[in-house]
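Proteins get letters first, then strands, A, B, ... in listed order; numbering begins at 1 in each. Every value quoted in this text rests on a predicted model; they were computed, and no experiment measured them.
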Amino acid sequence: MAAYQLVIIGGGLSGLAAGIRAARFGIKTLIVEQHSLPGGLNSFYVRQGHLLETGLHAMTNCAPANDKQAPLNRLFRQLRLPRREFPCHEQIGSEIRFGGRSLLFGNDPAILEASIDRVFPGRIDRFRRLRQEIAEYDPFAAGPWRSGRQFLADHLDDPDLADTLLLPLMIYGNAEEEDMDLGQLVIMFRAVFEEGFFRPAATMREFLGLLVQQFRDFGGEIRFRSPVESIVSDRDRVVGVLLAGGEMLGADAVVSTAGIPETMRLSGWPGEVDRYVGRMSFMETISLVSRARTATLTRDRTIIFYHHGDRLQYRRPSGYLDPTWGVICFPGNFLGLPPEDPVQIRTTNAASYPLWKALSAESYESVKRRWTEAAVSASEEIVGNYRSSIVYQDSFTPVTIERFTRKAEGAVYGSAVKIKDGVTPWPNLFLAGTDQGYLGIVGAMLSGITMVNRHILR
Amino acid sequence: MTRDEIKDVLLEIIADIDEEADFARLDADAPLRDQLDLDSMDFLDIVMELRKRYKLHIPEEEYPQLATLTSCVNYLEPKLQHV
């Protein structure tokens, strides 16, 4: 008998959720995480006394505690966490600025409808029919890829409105360039426009702490600073994982949350790795600005998605970073949160992994400084000037993302080709997380849950 | 276990799964899922909890026999008679 019934590679949100599910029903489970902290793409770090979150701008899929079928509440039930002890703060309101036009949205879909009615006269009936179609569409039914862009074009008959709506849906979860699978679009549309943004009252640190505690309370074991060197197989079955330190951990089954390309490399899974390497990665800059000097800054927005130019350019940029479109997030601007000082501003822009990867150690820092400046300038055009009031600033690039998360080429949304059933060439090795096709924090956790329900618990 | 004990165990399991569950108006002969607004993932948890507690393996093709509280008790009674 192997030392563990289940070894999970990766202590991010999908790995932790998978672990809780398995441990809850008495399966001897070990999570191995390469980093010293849990969270993966959605973790945190402390610099100069400031706790900074990575990944999270906001959680999607906001829902009141009594809506049983809402993805957020299903998630809590599956993890056996008391939803009522998880206070949420809803967004103040968000905005899409696209080619000179602006749409507002919040957690009440009526805000977006009113905004569309004002900015795109005569389109509101088409938009309402679109909402209806999306409500009835089953994104989890098996089927061939369908163009989400074409779907929007057909329903709205207005390329400007279609691209404006697509911008946040793509930025918050699309691994493909230029277009988005209709199923993924439906999931994102519901998560962002129907349910909306919120954040937990505490930070990512407390949320991750809660998950790790729940996993341990059910008898699960987690090891940090334990990078996996390879997934070991014997003939046609996986028998365990080998850690970088040389320790072999036997397992009856393995769930990998490292993404398809990394899982292929670890396991020697034959196939064309390049097909599964996502091209969309981002550079993010976190600026902390002294509150006393933020009087001129935008106060009533949680997230602003912006895009200059008329047609949506969702693709890897030809330069290091594309400041012509991106996201500006104020993580402090949620209802009911105490005013933060310093105020946090986060800017996110598409970035090119190969260019960042090719930089020498000496030039990396200066190039990073230059593009941080460019990203800040672009955001100042939209929210007002804050550069001179920055008390702390930090940026991460596609190379940073790859190093901490093992997502090949820093592709935060993973492969454009998903393996929705999580199945690999080995009968006891499964995928969970980004490359299995669910999106966002809630999606990542539902992915871990679903894969354990389907492949481990049955 | 007696029929009443089995029923109590089932309600306890459901209450653990769903903190919002309201048993006040539960009809023992109507489908549990509809009445309690449970989905297939919650339903799997009932099956898994029974397995964990009583080492009871319920094959998937027999899940329909667990539709109502009464049918659950009917199905489980012979399986749990020595527990």
Side-chain angles (χ1 to χ4, degrees), chain A residues 5-6 14 17-29 61 63-87 138-141 214 217-220 422 432 438 442-443 445-458, chain B residues 1 6 8-28 30-69 72 75-76 79-80 82-83:
Chain A
Q5 288 175 284
L6 176 63
S14 61
I20 292 172
R21 281 299 291 172
R24 173 178 166 182
F25 295 110
I27 289 171
K28 191 166 165 28
T29 305
N61 305 89
N66 60 5
D67 179 357
K68 284 193 187 180
Q69 297 303 323
L72 179 68
N73 298 329
R74 296 172 68 188
L75 173 70
F76 271 73
R77 284 204 302 279
Q78 286 279 300
L79 301 181
R80 215 165 160 184
L81 291 168
R83 170 68 174 86
R84 294 201 184 270
E85 290 168 28
F86 181 73
D138 177 8
F140 301 105
Q214 185 77 338
D217 285 350
F218 285 138
Y438 289 69
V442 172
M445 299 179 79
L446 286 171
S447 151
I449 289 169
T450 310
M451 290 301 97
V452 166
N453 285 355
R454 188 188 295 187
H455 299 301
I456 308 294
L457 295 181
R458 300 249 160 142
Chain B
M1 284 171 100
I6 294 172
D8 287 347
V9 162
L10 283 165
L11 293 180
E12 184 194 312
I13 289 174
I14 294 168
D16 268 352
I17 290 167
D18 178 14
E19 58 185 305
E20 305 281 314
D22 175 13
F23 299 127
R25 271 185 256 162
L26 192 68
D27 175 352
L32 283 167
R33 273 179 63 172
D34 301 349
Q35 295 185 85
L36 296 170
D37 202 11
L38 296 176
D39 60 29
S40 58
M41 288 165 100
D42 299 315
F43 190 75
L44 175 69
D45 281 13
I46 301 177
V47 174
M48 291 304 304
E49 196 62 37
L50 288 167
R51 183 193 298 187
K52 187 174 137 190
R53 290 187 188 198
Y54 306 110
K55 308 271 174 271
L56 197 67
H57 283 259
I58 302 174
E60 227 169 307
E61 57 273 18
E62 290 174 15
Y63 288 1
Q65 300 191 46
L66 304 174
T68 73
L69 193 57
C72 279
Y75 176 81
L76 293 171
K79 295 186 175 347
L80 296 176
H82 300 301
V83 176

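Both the backbone and the side chain of A:Arg83 come within contact range of chain B, judged by heavy atoms closer than 4.5 Å. Residue B:Glu60 touches chain A through its side chain alone, counting heavy-atom pairs closer than 4.5 Å. Heavy-atom distances place the side chain of B:Leu44, and not its backbone, under 4.5 Å from chain A. Proximity to chain A (any heavy atom under 4.5 Å) is restricted, for B:Glu19, to the side chain, taken from C-beta onward. Heavy atoms closer than 4.5 Å to chain B are found in the side chain of A:Arg74, but not in its backbone. Of the two parts of A:Leu81, only the backbone, made up of N, CA, C and O, holds a non-hydrogen atom closer than 4.5 Å to a non-hydrogen atom of chain B.
Side chains of B:Glu20 and A:Asn66: a donor-acceptor N/O pair is absent below 3.5 angstrom, by distance only.
Shortest non-hydrogen contact noted between B:Lys52 and A:Phe25 is CD-CA, 3.8 Å. In terms of heavy atoms, A:Lys68 sits closest to B:Leu36 at NZ-O, 2.8 Å.
In this structure a side-chain-to-backbone donor-acceptor pair under 3.5 Å is present from B:Arg51 to A:Leu457.
None of A:Gln78, A:Arg77, A:Arg80 except one satisfies the side chain to side chain contact (heavy atoms under 4.5 Å, CB included) rule with B:Asp45; the exception is A:Gln78.
Each of B:Val47, B:Asp42, B:Leu38 has some count of heavy-atom pairs under 4.5 Å with chain A, and the biggest count is that of B:Asp42.
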